[in-house]
Amino acid sequence: MIDLNLIREKPELVRQALADRQMETSSVEQVLQLDEQRRSLIQEVETLKAERNVVSKEIGQMRDPAARQENIDAMRLVGDRISALDEDLRQVQARLDELMANIPNLPDARTPLGVDENENVVIKTVGEIPELDFQPKPHWELGPELGIIDFEQGVKITGSRFYVLSGAGARLQRALIAFMLDLHTRQGYTEKYTPFMVKSDTLVAAGQLPKFYDNLYKDHEEDLWMVPTAEVPLTGLHMDDILDEDSLPRYYTAYTPCFRREKMSAGRDVRGIKRGHQFDKVEMYIFCKPEDSPAAFEKMVADAEQTCAELGFTYRVLQLCTGDLGFGSTITYDIEVWAPGCGEWLEVSSISNVTDFQARRANAKYRPVDGGRARLMHTLNGSGLGMPRTLIAVLENYQQPDGSVVVPEVLQPWMGGTGVIS
RNA sequence: GGAGGGAUGGCCGAGCGGUCUAAGGCGGCUGUCUUGAAAACAGCUGUGGGGUUACACCCACCGGGGGUUCGAAUCCCUCUCCCUCCGCCA
C-alpha cells in the first residue's frame, strides 16, 4: 500500500505511475473523492462523540432526576446519529481501503519505461552460451533416462504438473537448497525455518490478499493458507513490530516450498518441471532503514549473482520495465540462467525493492536511536534461487555426451560421494 | 477433542458500570542538586486518526470482532492466543 497522503498531495505523481504501468488511472480520482467524504464524516461523528462524552460524564454527577432524564433522552438521539454516521464511515472506509489495496507502488526513477516484458533491459550477461559438440538433451528426457525424475508417478499420486524426484535427483535438489542456505549465511543472512502455512492476516500484511486470492491454496475449515513464497512468512516476522534502529538491517534467508494455484495455460511450459503448483525456493529478505534500501538492493542482486556464479552458470541480469514490474516493487532485476537442453533462458531469481509498500501494510516499523517517532522500514525480497529451474540448469549444463551428469564441485559435499549421476 | 485458569501501557501489576483523564512499581527521557557520578527530588513517557502554517484541541485504542447502556477496561455473545490437567497422536 502506498501512502494516502501522497495521493492527496501529489496525485499527478501517482497517476503517472499507474500510466507507466499500463494501468487505469481513474482510481486516483475515486480515492481523492472518498478521502474527502471520509474526513467530513469523521469530523461530524467525532464532534458528536465529544459532545456525548462530556454530557455522559455530567449525567453521572446529576442529582435532579428530571434534568438527568432529559439529558439521557437527548444523548440517546445523539447515539443513534453516531451509529448511523459510523456505519456510513465504515462503508466509505471499506471502499477506500479496497481502492488503496489495488494501487501499486511507484516505480523507481531508474526503472525503464516499457509496455511489457519485451521491453525489459538486459543489464549484463556473464559467461558464454556454450558451444557443445553433441546435441544436449532437455531435462524432461535426461531426468527419466537417469531415473531421477518420474513424471508418471507425480501424475499418479497428485495430478498434472506434479513429479517425483528420485535418488540422486532428490538428493541434488536437497544439495542445492543446503548450498544456497549456507552461502547466504556466509553472505550475512540469518537462516529461518518458518511455517509453510499462515493465517490470512499475514497474507494481507505481505500484500498477497486480497489481490491474489485466486492464486492461493486454503484450508477449507480453518484460516490457514499455504505460502506462495517464503516472502510471506518472512514479512510476517515483523508485522506490528517496532524494532530498534541499531538492530537494522536484518538479513533473513529461508527455504520453503511454494504453493501457487495459478491457472496454467495449456500449451505453455507443459514439458518438464519448469512450472508447477508446488516448487521449492530459497529466499532472501531484508528489513532496513529507508536510506539503506538502495544499497541493500545492490547487495541482494550481487548475492543472487554469486549463487549463479558459484554453480558455474551462464546467466544474465534483466531490469524489468514499468509494464512488467511487480505490484509492490519499485525496481526489479531478474536473473536468468542458460539451459542448453531446452534452449532457453530460465528465470531463477527476481529481486525487488518494495520500499515501504509492504511495511505499511504489515505495520513494520523501527524506532530511531534519537527516540523520535517510529518510522516504516523498507523491505526487499529476492530469490536465491528458485529450485526446479536451478535443478534444470544443473542437469542440462552439466550433462555429458553419454547422458550422465557431472555434479558441480560446490554441491558435492552434500551428494555423498555421488559426483556423477549416471 | 474435553475441563479449568488467563490476556490491561516498553515491562510488572491494580481496577470489575460514572473525576479511569487507567492506581502503584520498574525501566526510559529531561531538569534540580553535584567537580563528575550515584542517591534524592520534580516533570515527562504509547499507537493510529481528525484538526492546525505550527500549536491548541478532539476521536479511537485495556487480546480481536459484535452487542447492551446516556455512559464499558469493567456486563453479555463470539473468536483467537497462552497456561494447567485429561484424551489422542508422529
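FYI, side chains are in, hydrogens and waters are out, and symmetry mates aren't considered; it's all heavy atoms of this structure. Proteins get letters first, then strands, A, B, ... in listed order; numbering begins at 1 in each.
Gln91(A) and Glu87(A) share a side-chain donor-acceptor pair at under 3.5 Å. Neither side chain, Ser329(A) nor Asn353(A), offers a donor N or O lying under 3.5 Å from an acceptor on the other. Judged by distance alone, the side chains of Glu231(A) and Gln208(A) never bring a donor and an acceptor atom under 3.5 Å apart.
For the C1' atoms, the distance from G67(B) to U30(B) is 45 Å, rounded to whole Å. Spacing of C1' atoms, C75(B) relative to G15(B), comes out at 15 Å, to the nearest Å. As rounded to the nearest Å, G65(B) and U80(B) have P atoms that lie 15 Å from one another. One P atom belongs to C61(B), the other to U21(B), and the distance between them is 12 Å to the nearest Å. Taking atom P in both U69(B) and C11(B), the straight-line distance is 35 Å, to the nearest Å. For A60(B) and G24(B), the C1' atoms lie 26 Å apart once the distance is rounded to whole Å. Rounded to a whole angstrom, the distance from the C1' atom of G27(B) to that of G46(B) is 14 Å. For the P atoms, the distance linking U78(B) with G2(B) amounts to 14 Å, nearest Å.
Checking C85(B) for Watson-Crick or G-U wobble geometry (two distances, each under 3.5 Å) identifies G2(B) as its partner. In a base pair of the Watson-Crick type (N1 to N3 plus N6-O4 or O6-N4) or a G-U wobble (N1-O2 and O6-N3), with each distance short of 3.5 Å, A7(B) is matched with U80(B). Base pairing of C41(B) is made with G31(B), judged by Watson-Crick or G-U wobble geometry with both donor-acceptor distances under 3.5 Å. Under the Watson-Crick and G-U wobble criteria, each requiring two contacts below 3.5 Å, nucleotide A60(B) is paired to U47(B). As the counterpart of U52(B), no nucleotide is assigned, since no Watson-Crick or G-U wobble pattern has both distances under 3.5 Å. Nucleotide C20(B) is matched to nothing when pairs are restricted to Watson-Crick or G-U wobble geometry with both distances under 3.5 angstrom.
Counting non-hydrogen atoms under 4.0 angstrom, Arg8(A) reaches the backbone sugars and phosphates but no base.
When rounded to the nearest whole Å, the span between CG of Asp241(A) and C1' of G48(B) equals 17 Å. Note: CG (Asp244(A)) to P (G28(B)) measures 14 Å, nearest angstrom. For the pair Asn5(A) CG and U52(B) C1', the interatomic distance rounds to 15 Å; values are reported in whole Å. Distance CD1 (Ile82(A)) to C1' (G50(B)): 15 Å, rounded to an integer number of Å. The CG-P distance, from Leu48(A) to G50(B), rounds to 18 Å in whole Å. One interatomic measurement links the two molecules: CZ of Arg90(A) to P of G67(B), which rounds to 7 Å at whole-angstrom precision. Between the CE atom of Met239(A) and the C1' atom of G64(B) there is a distance of 13 Å, rounded to whole Å. Atom CG in Leu224(A) sits roughly 11 Å away from atom P in U80(B) (whole-Å rounding).
The phosphate of C70(B) has neither OP1 nor OP2 within less than 4.0 Å of any side-chain N or O from Arg52(A). OP1 or OP2 of A60(B) lies within a sub-4.0 Å distance of a side-chain N or O belonging to Asn53(A). The side chain of Arg39(A) places an N or O atom within less than 4.0 Å of a non-bridging phosphate oxygen (OP1 or OP2) of G51(B). For the OP1/OP2 pair of G50(B) and a distance below 4.0 Å, the side-chain nitrogens and oxygens of Arg38(A) include at least one atom meeting the criterion. One finds a side-chain N or O of Gln43(A) lying less than 4.0 angstrom from the OP1 or OP2 phosphate oxygen of G51(B).
Set against G66(B), G71(B), U21(B), the side chain of Lys57(A) has U21(B) as its closest nucleotide. Taking every side-chain heavy atom of Ala50(A) into account, C58(B) is the closest of C58(B), G50(B), U47(B). Among G66(B), G18(B), C59(B), the nucleotide with an atom closest to any side-chain atom of Lys49(A) is C59(B). Taking only side-chain atoms of Arg68(A), from C-beta outward, the nucleotide of G51(B), C70(B), U21(B) with the closest atom is C70(B). Side chain of Arg367(A), nearest nucleotide from G46(B), G66(B), G50(B): G46(B). Nearest to the side chain of Ile42(A), among G49(B), G71(B), U47(B), sits G49(B).
A donor-acceptor pair under 3.5 Å links the side-chain atoms of Arg389(A) to the main chain of Lys274(A), judged by distance alone.
Atom CD of Glu70(A) sits in a sparse spot, with 12 or fewer heavy atoms from other residues, nucleotides or ligands closer than 6.0 Å. Crowding of Glu36(A) atom CD: a count of heavy atoms from other residues, nucleotides or ligands under 6.0 Å not exceeding 12. For Glu98(A), the CD atom counts as loosely surrounded, since its 6.0 Å shell holds 12 or fewer non-hydrogen atoms of other residues, nucleotides or ligands.
Nearest-nucleotide mapping onto RNA chain B: of Val54(A) and Gly79(A), the residue sitting toward the 5' end is Val54(A). Each of Gln61(A) and Asn363(A) was matched to the nucleotide of RNA chain B holding its nearest heavy atom; the match closer to the 5' end belongs to Gln61(A).
Cation-pi geometry between Lys289(A) and Tyr366(A) is not met at under 6.0 angstrom from the ring centre and within 45 degrees of the axis.
At a cut-off of 3.5 angstrom, counting only N and O atoms as typed in the model, there is a donor on one side and an acceptor on the other between the side-chain of Glu46(A) and the base of G49(B).
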